[in-house]
Amino acid sequence: MVITRFAPSPTGYLHLGHAFAALFAAAAGERLMLRIEDIDVGRCRAEFDTAIRDDLRWLGVGFAEPVLRQSQRFAAYRDALARLSARGLVYPCFCTRKDILDAASAPHNQAQGPDGPTYPGICRDLSDAERRTRIDAGKPYALRLDAAKAAAAVGDLWFDESGAGSNVEPGRIKVDPLWFGDVVLARKDAPASYHLAVVLDDAYQGVNLITRGCDLFAASHIQRVLQALLDLPVPAYRHHRLILDDTGKKFSKRDAAATLRTMRNSGITANEIKKRLGF
Ligand code: GLU
């Protein structure tokens, strides 16, 4: 059975891009797991949380119960980080945004990842004693993956892509484990980063096909590395084209006019939305 998932964050109302992903999975007759990505507790709001289910039902998209929430999963994230840490694959990073920007502007530190310059490695080689001193002094820290060590540990990896979003070639994709550099796995203010939480939760929910927009295609590379490091089952991927707003830009949660809630309140029907999206 194909088990896929829809994983929005309750930081705004669902928009047309979200509707496309959910309808796409539903139209294929797959089992759809819903996951509320509320790891960023401070930014999530109860009204958006309720609206996610409500707007999905209004669209006619069914999903399996119970719905998983990332805020219930903090112990699993901590456990995974402890396993990676015991293997020396993560290290504490005390840098502020400014430290990173200053270092990344030096000409020899210009490696580019999918989201901009990669981390220039400032905290990678601190001694254990120095780490201890800073931690004992109460300095906040994130945990970063040591990408070079991780790459050596996992060897060559691939993932299967069946989508055809812009810039996405379907087929067997060779993973670039260094593309994101030393990516953050636990933030200073949250017990896991998006990448870590997503791989653990997809495995936990038995997801075997990841459906999402092609803006997350690059993320599959680092997520595949984390699956290998954590011995998780490997799902297939299906990245769909992005649904753009009337000005050709990606939908923004701040753009109220593009939300399902606004369209619904203005009298647009679920069928009209399906038609507009090609269903
Ligand atoms: N939470 C992301 C979003 O709302 C989706 C993450 C994913 O599908 O991996 O777009």
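Each ligand, and each atom within it, is numbered from 1 in the order the structure gives. Counting begins at 1 with the first residue of the sequence. The figures here come from the full heavy-atom set of this structure, side chains too, leaving out hydrogens, waters and symmetry mates.
Under the 4.0 angstrom criterion for non-hydrogen atoms, Phe6 is not in contact with ligand 1. Residue contact check for ligand 1: His18 places a non-hydrogen atom closer than 4.0 Å to it.
Residues Phe6 and Phe63 keep their aromatic ring centres 6.0 Å or farther apart.
Residues Ile210 and Ser220 form no side-chain contact, since every pair of their non-hydrogen atoms from C-beta on lies 4.5 Å or further apart.
When each of Asn208, Thr211, Leu32, Val207 is tested with Val2 by the rule side chain to side chain contact (heavy atoms under 4.5 Å, CB included), just one qualifies, namely Asn208.
The shortest non-hydrogen separation linking Val234 to Gln227 is CG1-OE1, 4.0 Å.
Atom CD of Glu65 has more than 12 heavy atoms from other residues, nucleotides or ligands within 6.0 Å.
Annotation for ligand 1: atoms under 4.0 Å from non-hydrogen atoms of Glu37 are 1 (N), 6 (C). If you number the atoms of ligand 1 from 1 as listed, the ones under 4.0 Å from a heavy atom of Pro8 come out as 4 (O). Taking every non-hydrogen atom of Ala7 and a distance limit under 4.0 Å, the qualifying atoms of ligand 1 come out as 1 (N), 2 (C), 3 (C), 4 (O), 5 (C). Interface of Ser9 with ligand 1, defined as ligand atoms under 4.0 Å from a residue heavy atom, comprises 1 (N), 4 (O).
With a 4.0 Å cut-off on non-hydrogen atoms, Ile210 does not touch ligand 1 at all.
Close N/O approach between Thr211 and ligand 1 is not found [any backbone or side-chain N/O within under 3.5 Å].
Between the Lys274 side chain and the Leu59 main chain, a donor and an acceptor come within less than 3.5 Å of each other.
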